[in-house]
2 protein chains.
Amino acid sequence: MDSLATARFRRFARAVTAEVGALDTSFLGRGRPLGAARVLNAIGAGRAEVGEIRAYLGLDSGLMSRLLRGLEEEGLVTTAPHPADARRRVASLTEAGRREFEAYEALSDARAVALLERASHADDLLRAMDRVALVLGQEAIAIQETDPTSEPARACLAAYYAELAARFAGGFDVALSCDPEAVDMVRPRGAFLIAVADGVPVGCVGLTGRGGPVAEIKRLWVDPAARGLGVAKRLMQAAESAARDLGIRTLRLDTNSALSEAMALYRRSGWVEIDRFNDDPYPDHFFEKAL
Amino acid sequence: MDSLATARFRRFARAVTAEVGALDTSFLGRGRPLGAARVLNAIGAGRAEVGEIRAYLGLDSGLMSRLLRGLEEEGLVTTAPHPADARRRVASLTEAGRREFEAYEALSDARAVALLERASHADDLLRAMDRVALVLGQEAIAIQETDPTSEPARACLAAYYAELAARFAGGFDVALSCDPEAVDMVRPRGAFLIAVADGVPVGCVGLTGRGGPVAEIKRLWVDPAARGLGVAKRLMQAAESAARDLGIRTLRLDTNSALSEAMALYRRSGWVEIDRFNDDPYPDHFFEKAL
DNA sequence: AGAGATATCTGACTAAAGTCAGGCATTATG
DNA sequence: CATAATGCCTGACTTTAGTCAGATATCTCT
């Protein structure tokens, strides 16, 4: 660890506290102390159980209780006993509370937009921010199943096609490729999985079935900012597990030698190379795995 | 500005506040409230005037005054009237105050090291952090003259040579190149300039004179994380201005077409291409500029 | 059913941060 | 040289955050 590294880290911390601190204090400015605003926003973000919010915000139980009472008196929050355990309480926003939460959200978004519009190289800045966020918070990347036509799925696929176009010497045209139908990637025939970090999709994989015991893995992609963190491996494991659920016995996939990280991953995880099994012009390597 | 951009920014803010906030609260743990610790650290970081500290930390004048009194009673700080304006006051650390400041510094460094050691891909993480810090805080990049054998200058040059080795098809060996003597880059013959962001060097340029009216620009380098922010242009302007100071009338430089950004910069800023003027094996383009 | 654990609430505190009006030198300005 | 402005200080507040010791209701386990 060279001594410059700590200086670089601290330079980063200084640059960022100024901006991010401003984002935090934007929680003020709606006539409510920070503590109460944080609780309101935690509830708005989906945290319902009082104990969970308390742990998340690191609050003393007495303080938490008083903040909740305050929000209740403002008419923003209601609490009720937990249906399965009446010692615990669950909080939820009232109509007015939801409006107030949305006002906080709008404030945060406006701050973000203002900063990004002010910065030169916003694209590049966002990529660097993604990398920092993902490496620091890598435990927060979750794999979830979604419809292949959903908004986050389409965002992943667009990025995937753009990357193929950039990496294949002759470009990439999805119309020339064996593009699976969306219906083949929805249960019961198949599945579509995405990796999500804090609401932002960072990777995807499709399991394409045709109703029989053989299915294909298609469209494995991971955001460059999330590479090296084991996301592709987790996506593949989740796809295999979904395949077993669907009664699939054999998985196949095709790929291109330009995608060296993907090839290495397949070889590491029990896939064996087989002969060409389709006439898609893009792939030059074919793999199979028995489940 | 797509809506995902604000989500990505806010993901970054969340990931970072957890870590950077921890760095901030490391200011506690020395038995002093945060406010007093922040004032002490501001003085230690070189801020002397009370009004300046007040503005920097955003404190009320009454609060500021009390915090200063507290630090004085602890024997960590002394204040004196400003020599040019006795209404203003300047604060400085006592011997004990300096020791206490250094203890805070050590604490911050330890936090930084702990985080970087915990993170996978620390190198890559630091590069992304550099990019974020530099784009956000680009106004804080300062150009300064230094000895070419100083620690930061050597760090820049090592990075410069490493980059040439990576970008030249046949590699780069400094021993084969026309390497200028350090003494030719020190006044009165020449100069060496570095760009510094918050204590970390991010770029350099050498002005190599031989005592006559002609000098050469050598070793222009900018940290990849700081590119696109106008640092190279500012370094070149500072070098030209130093050359004028030294009575130089004509500047020359050699470069290689693999360094396309540099070539573009020279063409943009009034340099004209001339014939080869040395037998260095690496350059393939030669430029001149009259001052 | 009873003992102990758990989750939240209430009351009574303290510490820290922040606000505001006025005071006192000192300096700038007409 | 009088007047206004500036920079800092002091005293008297309020608000916010945080702590801690019970109280209360509920659940788990035997």
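Values reported hereafter were calculated over all heavy atoms of this structure, with side chains retained and with hydrogens, waters and symmetry mates removed. In what follows, chains carry the letters A, B, and so on, assigned in the order in which the sequence lines appear, proteins first and then strands, with residues in each chain numbered from 1.
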_Which nucleotide wins on minimum distance to the side chain of B:Ala86, given the candidates C:dC20, C:dT26, D:dC9?_
C:dT26

*Answer whether the closest heavy-atom distance between the side chains of B:Leu116 and B:Leu125 falls below 4.5 Å.*
yes

Expected list for residues 130-137 of chain A: side-chain donor-acceptor pairs under 3.5 angstrom, two or more places apart:
residue  : atom : partner  : partner atom : Å
A:Asp130 : OD1  : B:Arg8   : NE           : 3.3
A:Asp130 : OD1  : B:Arg11  : NH2          : 2.7
A:Asp130 : OD2  : B:Arg8   : NE           : 2.8
A:Asp130 : OD2  : B:Arg8   : NH2          : 2.6
A:Arg131 : NE   : B:Asp124 : OD2          : 2.4
A:Arg131 : NH1  : A:Ala225 : O            : 2.7
A:Arg131 : NH1  : A:Arg227 : O            : 2.9
A:Arg131 : NH2  : A:Arg227 : O            : 3.4
A:Arg131 : NH2  : B:Asp124 : OD2          : 3.0

*Establish, for the pair B:Arg47 and B:Tyr56, whether the NZ or CZ atom is under 6.0 angstrom from the six-membered ring centre and no further than 45 degrees off its axis.*
yes

_Under 3.5 Å donor-acceptor, B:Ser150 side chain and B:Asp147 backbone_ = yes

*Rounding to a whole Å, what distance do you find between A:Arg89:CZ and D:dT26:P?*
10 Å

_Base, sugar-phosphate or nothing for A:Arg69? Non-hydrogen atoms, less than 4.0 Å._
sugar-phosphate

*Atom pair distance, as rounded to whole Å: CG in A:Leu67 and C1' in C:dT8*: 14 Å

*Comparing A:Ala36 and A:Pro83 on DNA chain D - which has the more 5′ nearest nucleotide*: A:Ala36

_the helix from C:dA1-D:dT30 to C:dG30-D:dC1: angle between end helix axes, five pairs per end, rounded to 10 degrees_ = 30°

*Does any N or O in the side chain of A:Thr17 come within less than 3.5 Å of the main-chain N or O of A:Arg14, such that one atom is a donor and the other an acceptor?*
yes

_If you only use heavy atoms from C-beta on, which nucleotide in C:dT27, D:dG11, D:dG18 is closest to the side chain of A:Leu59?_
D:dG18

*Nearest-Å distance for atom pair CE/C1', residues B:Met64 and C:dT19*: 17 Å

*Separation of A:Leu57 atom CG from C:dT8 atom P, in whole Å?*
13 Å

*Between B:Asp85 and A:Ser65, which is nearer to the 5' end of DNA chain C once each is assigned its nearest nucleotide?*
A:Ser65

_Can you tell me how far apart CD (B:Glu52) and CZ (B:Arg88) are? Round to the nearest 0.5 Å._
10.5 Å

*Expected output: side-chain B:His82 to main-chain B:Glu49 donor-acceptor under 3.5 Å*: no

*Side chain of B:Arg87 - closest among D:dT19, D:dT10, C:dT27*: C:dT27

*Nearest-neighbour nucleotide for the A:Arg66 side chain, C:dT10, C:dT8, C:dT19 considered*: C:dT10

*Expressed in angstrom and rounded to an integer, what is the separation of A:Glu49 atom CD from C:dC9 atom P?*
13 Å

*If you check the A:Leu63 side chain, which of D:dT26, C:dA17, D:dG18 turns out closest?*
D:dG18

*Does A:Pro33 or A:Gly62 map to a spot on DNA chain D nearer the 5' end, using the closest nucleotide for each?*
A:Pro33

